[in-house]
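Heads up: the structure comes next, in C-alpha cells.
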Amino acid sequence: MLFDHLGFAVLLVAFGYSALRMTLKNEHRLLTIESELEIAHQIQSSILPTMVPEINHLRIAAAYHPMTAVAGDFYEFLPVDDDHAGFLVADVCGHGVPAALIASMLKVAVQSVASEASHPSKLLCGLNRVLAGSLQGQLVSAAYLWIDMQARTALYSAAGHPPLLRSNHHLESFESNGLLFGVLPEAAYPVRELPLTKGDRFLLYTDGISEPENAAGEPFGDKRLAEVLQQHQSLPTADLSHRILTEIEAWQRSSEPRDDMTLIVIDVD
C-alpha cells in the first residue's frame, strides 16, 4: 500500500513537472510572438510618412490608427515641388500579418511608379501591375489625389475605394473607381478633374472610418461622416482628423474596433 501511494505521488509530481514545462514553453512562445509583432509594428511604422509635405496654399493632416500591432492600411505623400503633390491611401482586404506584409510591399511599389505622380490613372495602373503577381489572391483598394496649385486643379482616381469627399459650401462625393488591385493585371482607372476653390476641404480615407459599428450593429456610415465634416468645417485639419476619430470612438464605445483607420485631410487656401 505504501508503495502504491508513493508511486501515485511520483506520478502526480511527473504530471505537474510536465505541465509546468509546457506552461513555461507556451509563455516563452507567446513572449517571442509579442516581441516579433512589436518589431513588425516598428518596421511598418517606419515606412509611413514622418511628416506632411509643405505645399503652397495647402494645409494637410493625416491620421493612422491600426486595429492591431500590424495593419493593412497604407498612405503616402508624393510631393514634387512647392506647388505639386500626390496623396495616396490604400487598404488591403483582410487583417493581421498577411495584410500588413502587402501594405509594406506598397511602399516599394509606390517608389517604382513615383515618376507618374502627376498622372493618377498611370500611377494606379502601375501599382496594380507591380502588385498583381505578388498578392496571392489578396485584394487592395486605393485612392489617389494629385493637386496642382499652380493651375489650381486636382486629378482624382481610385481602385475600388470609398469616395473622395470635398466640402466647402456643400458636400460632394467623387468615386471615379476602377478595379481593385489584384483582380486583373491590366485594368483601366478613370480620372476625374476637379477645379480648386479657396475653402475646399478634401477627405481621403479607408473604409475603417465609415464602417465601424455600434453595439446595435449600426455602421457609422457615410452620412455621419459627412455630418462631422460639415459641422466642423472651421476646425484646422489636424483638429478635424482628431474629431472624426473621437466621434467614431464614441460611436463604437461598447464594441471593439474591427478595422484599421486611416485618413488624410487637405485644406485649400
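Below, all heavy atoms of this structure are taken into account, side chains as well, without hydrogens, waters or symmetry copies.
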Inset, instruction - Please name the pair of heavy atoms, one in V92 and one in A103, separated by the smallest distance, quoted to 0.1 Å. - result: CG2-N, 3.8 Å
Legend entry - Sidechain-backbone polar pair: D260 side chain, G72 backbone, donor-acceptor under 3.5 Å: yes
Inset, instruction - Specify the closest pair of heavy atoms between P163 and Y156, including all atoms of both residues, with the distance to one decimal. - result: C-OH, 4.2 Å
Inset, instruction - Report yes if the side chains of H57 and V268 come closer than 4.5 Å at any heavy-atom pair, otherwise no. - result: no
Inset, instruction - Return yes if some donor-acceptor pair links the side-chain N/O of R224 with the main-chain N/O of F220 below 3.5 Å, else return no. - result: yes
Legend entry - More than 12 heavy atoms from other groups under 6.0 Å of CD on E227: yes
Inset, instruction - Using a 4.5 Å cut-off on heavy atoms from C-beta on, say whether the side chain of F202 contacts that of V265. - result: no
Legend entry - Closest heavy-atom pair and its distance - I60, I264: CG2-CG2, 4.3 Å
Legend entry - Shared hydrophobic cluster for V108 and F74 (ILVMFWY, side-chain gaps under 4.5 Å): no
Inset, instruction - Evaluate the side-chain proximity of F181 to L139: yes if any heavy-atom separation is below 4.5 Å, no if none is. - result: no
Inset, instruction - Check whether any side-chain heavy atom of M261 lies under 4.5 Å from a side-chain heavy atom of L263, and answer yes or no. - result: no
Legend entry - Interatomic spacing from CG in L124 to NE2 in H161 - rounded to 0.5 Å: 10.5 Å
Legend entry - Distance-only polar pair, side chains of D91 and T206, donor-acceptor under 3.5 Å: no
Legend entry - Exercise: do D200 and N168 side chains pair donor with acceptor under 3.5 Å: yes
Legend entry - Heavy-atom side-chain contact between E218 and W251 under 4.5 Å: yes
Inset, instruction - Can you tell me which residue pairs pass the ring pair (Phe, Tyr, Trp, His ring centres under 6.0 Å) test with a partner in residues 121-149, sequence neighbours excluded? - result: H84-W146
Legend entry - side chain to side chain contact (heavy atoms under 4.5 Å, CB included), paired with L203, selected from L225, L164, L171: L225
What pairs of donor and acceptor atoms, side-chain ones from residues 185-199 against any protein atom, are under 3.5 angstrom apart with sequence neighbours left out?
| from | atom 1 | to | atom 2 | distance (Å) |
| --- | --- | --- | --- | --- |
| E186 | OE1 | R129 | NH2 | 3.4 |
| E186 | OE2 | R129 | NE | 3.0 |
| Y189 | OH | L179 | O | 3.0 |

Inset, instruction - Measure across L155 and S118 and return the closest heavy-atom pair with its distance rounded to 0.1 Å. - result: CD1-O, 3.8 Å
Legend entry - Set of salt bridge (Lys or Arg N to Asp or Glu O under 4.0 Å) partners for D267, sequence neighbours left out: R59, R201
